[in-house]
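Have a look at the structure below before the remarks.
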Amino acid sequence: MQTSPTNPGHANSWYAASANDKRVRPELEGETEADVCVIGAGFTGISAALELAENGFSVVVLEGERIGFGASGRNGGQIVNGYSRDLDVIAKRYGPEKAVKLGEMSLEGGEIIRRRVATYGIRCDLVDGGFFAAFTDKQVKEMAHVKANWEKHGHTGLEMVSKSEVGRYAKTDRYVGGMIDRLGGHIHPLNLVLGEAAAAEGLGVRIFEKSRVTGLDMGASPVVKTARGRVKAKYVLVCGNAYLGSMLPKITDRMMPVSSQVMATEPLDAKLIEDLLPANYCVEDANYVLDYYRRTADNRLLYGGGIGYGGHDPANLTGVIRPNMLKTFPQLKGARIDFAWSGNFALTLTRIPHIGRLSENVYFSHGDSGHGVTTTHLLGKILGEAVRGHAGRFDVWASLPALPFPGGRTFRVPLTVLGAWWYGLRDKLGV
Ligand SMILES: Cc1cc2nc3c(=O)[nH]c(=O)nc-3n(C[C@H](O)[C@H](O)[C@H](O)COP(=O)(O)OP(=O)(O)OC[C@H]3O[C@@H](n4cnc5c(N)ncnc54)[C@H](O)[C@@H]3O)c2cc1C
């Protein structure tokens, strides 16, 4: 990973360069105690820490690198409501009762983000509105089906977009239509997680950076160990997601790290970028391996896509993403690319997050499968609720089966690549 020259320890992203808060937190040294020890300072861990601090718990967060080092500080910044699998798939798989319960929670992640931004005055360039772009009539039909289904669960922010209206959201002739979500939106994700972390610190949470957890003793009083310190806690929350490594094989075997690549152009002429994305909505297309893009507050086009199963990156990130950007916006042929980076998210076989207990007092949540900006906020809060003794919603999630990848650790990558190749081919053929 190329690190940021102006914000060491982070990937060399536009986010790291434009972070509001570049303070380095101390490394954990010696022994300390807390009600709760959180492993990982991404959206999940910080969301849980903030929920607990707001309710009077003492919390220590241990982050192996920097706050927001993982997917939370590198993603497309798109507030996408719902889950990586549609609610009718959830109903078919797990029964209508579970779908109703998950449906009730499916807009909450976005609400949590907006509430925290307002409560704590977090500067993260929050903009409302998202556009799902369709390449084919089949994709339009699927979106209409999703819309009808969402509406049954109370989502009133959706509207279909005809071919002639596409230009309001993206000035490109690639799409035949789509759907907008007025309750979607976009943010500067690193500034969001940094703002939430600062809010948690304001309520007494202690965050240690460069404090990778190397061991965890479970039992009545769990002990979390780093190279130079230990935390004794009543509860431990494991929120390391795709960066957890092989520390806890029982849960990491149920997910696969997958990389996605992002780049940011130079700041564009205001008129040009307003012309390309007039409504300033974020855009994601409906392909299996999708492109996602949006405007930044300083008028760059931030464009993501690509996929690397197992978390492997292509050698030339710009070489992968730029041709896709030019297919969408040939107008940007001469635009300089200032930043290109990648990050790993955690994919589960079911595409549904994996939440549960490793013991009576060690809980985990991971595997938001590419759409995690909202669900991590929801599930972090739900981890906090479970520690507070309100495990009803936690248990709904924990009851969903998490399956191991076929092929085990050795063959899970090639088998998944094969599956993705097949779905990618169907997108190319438009079938
Ligand atoms: C390139 C990219 C683009 C994306 N775009 C979008 C998008 O536009 N919209 C959307 O909804 N989702 C998107 N996602 C997904 C979303 O970013 C993730 O689902 C979400 O950020 C995961 O948050 P998290 O807190 O669970 O994990 P992370 O943010 O990865 O945080 C985990 C943290 O735990 C730390 N850690 C791991 N192991 C240890 C250990 N042993 N000790 C201490 N610390 C440890 C890591 O250093 C890391 O900081 C994208 C993901 C990527 C990679």
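Read the numbers this way: they start at 1 and go in the same order the structure lists the ligands and their atoms. Just so we're clear, the structure is a prediction, and the values are computed from it rather than from any experiment.
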Please confirm whether the backbone N or O of [Y] pairs with a side-chain atom of [X], one donor and one acceptor, at under 3.5 Å?
| X | Y | answer |
| --- | --- | --- |
| Arg116 | Glu196 | no |
| Glu266 | Arg336 | yes |
| Ser211 | Leu28 | yes |
| Lys234 | Asn361 | no |
| His186 | Asn280 | yes |
| Arg351 | Asp368 | no |
| Thr44 | Gly380 | no |
| Asn241 | Gly367 | yes |
| Arg295 | Leu277 | yes |

Which of the numbered atoms in ligand 1 are below 4.0 angstrom from a heavy atom of [X]?
| X | value |
| --- | --- |
| Phe43 | 21 (O), 25 (O) |
| Tyr292 | 1 (C), 2 (C), 3 (C) |
| Gly70 | 29 (O), 30 (O), 48 (C), 49 (O) |
| Gly77 | 8 (O) |
| Tyr243 | 30 (O), 37 (C), 38 (N), 46 (C) |
| Gly343 | 53 (C) |
| His371 | 10 (C), 11 (O), 12 (N) |
| Asp368 | 19 (O) |

> Should the ring pair Phe329 and Tyr293 be called parallel, tilted or perpendicular, given that the plane angle runs from 0 to 90° and is split at 30 and 60?
Replying inline: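 Geometry flag for Tyr293 against Phe329: perpendicular rings.
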>> Parallel, tilted or perpendicular: which one describes the rings of His354 and Phe364, with boundaries at 30° and 60°?
In response: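 Geometry flag for Phe364 against His354: perpendicular rings.
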Shortest protein contact, [atom] (heavy atom only):
| atom | value |
| --- | --- |
| atom 36 (N) of ligand 1 | Gly240 CA, 4.0 Å |
| atom 39 (C) of ligand 1 | Arg212 NH1, 3.5 Å |
| atom 45 (C) of ligand 1 | Gly64 N, 3.9 Å |
| atom 29 (O) of ligand 1 | Ser72 OG, 2.5 Å |
| atom 31 (O) of ligand 1 | Gly42 CA, 3.6 Å |
| atom 10 (C) of ligand 1 | Val373 CG2, 3.3 Å |
| atom 30 (O) of ligand 1 | Ala71 N, 3.0 Å |
| atom 49 (O) of ligand 1 | Glu63 OE1, 2.7 Å |

Please work out which of [options] has its closest non-hydrogen atom nearest to [atom].
| atom | options | answer |
| --- | --- | --- |
| atom 8 (O) of ligand 1 | His186, His366, Gln78 | Gln78 |
| atom 17 (O) of ligand 1 | Asn75, Ile39, Leu248 | Asn75 |
| atom 13 (C) of ligand 1 | Gly76, Gly370, Gly73 | Gly370 |

Using a 4.0 Å heavy-atom threshold (strictly under), name the region of [X] that reaches ligand 1: side chain, backbone, both or neither.
| X | value |
| --- | --- |
| Ile46 | neither |
| Leu62 | backbone |
| Val262 | side chain |
| Ala242 | neither |
| Thr376 | side chain |

Min N/O separation [X] to ligand 1 under 3.5 Å:
| X | value |
| --- | --- |
| Val213 | yes |
| Ser260 | no |
| Phe345 | no |
| Val80 | no |
| Thr44 | yes |
| Ser342 | no |
| Met247 | no |

Just verifying a value: how many Å separate [X] [atom1] and [Y] [atom2], rounded to the nearest 0.5 Å?
| X | Y | atom1 | atom2 | result |
| --- | --- | --- | --- | --- |
| Ile251 | Leu244 | CD1 | CG | 5.5 Å |
| Glu274 | Leu268 | CD | CG | 11.0 Å |
| Asp285 | Tyr175 | CG | OH | 5.5 Å |

>> Set out, in order, the CA-CA distance, both residues' side-chain angles and the distance that settles side-chain hydrogen bond (donor to acceptor under 3.5 Å, both in side chains) for Asp181 and His155, then state yes or no.
In response: CA-CA 9 Å; Asp181 181 0; His155 190 343; 3.1 Å; yes
> Is there a heavy atom in Gly304 that sits closer than 4.0 Å to ligand 1?
Replying inline: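 Distance cut 4.0 Å: Gly304 fails for ligand 1.
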> Are Arg115 and Tyr120 in a cation-pi contact, defined as NZ or CZ under 6.0 Å from the six-membered ring centre and within 45° of the axis?
Replying inline: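 Checked: cation-pi criterion not met.
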> So, are Arg388 and Glu51 salt-bridged, with charged N and O less than 4.0 Å apart?
Replying inline: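 Glu51 and Arg388: salt-bridged.
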>> One thing to verify: whether Glu27 and Arg228 come together as a salt bridge, which I'm taking to mean a side-chain N less than 4.0 angstrom from a carboxylate O.
In response: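 Here Arg228 pairs with Glu27 in a salt bridge, since their nearest N and O are under 4.0 Å apart.
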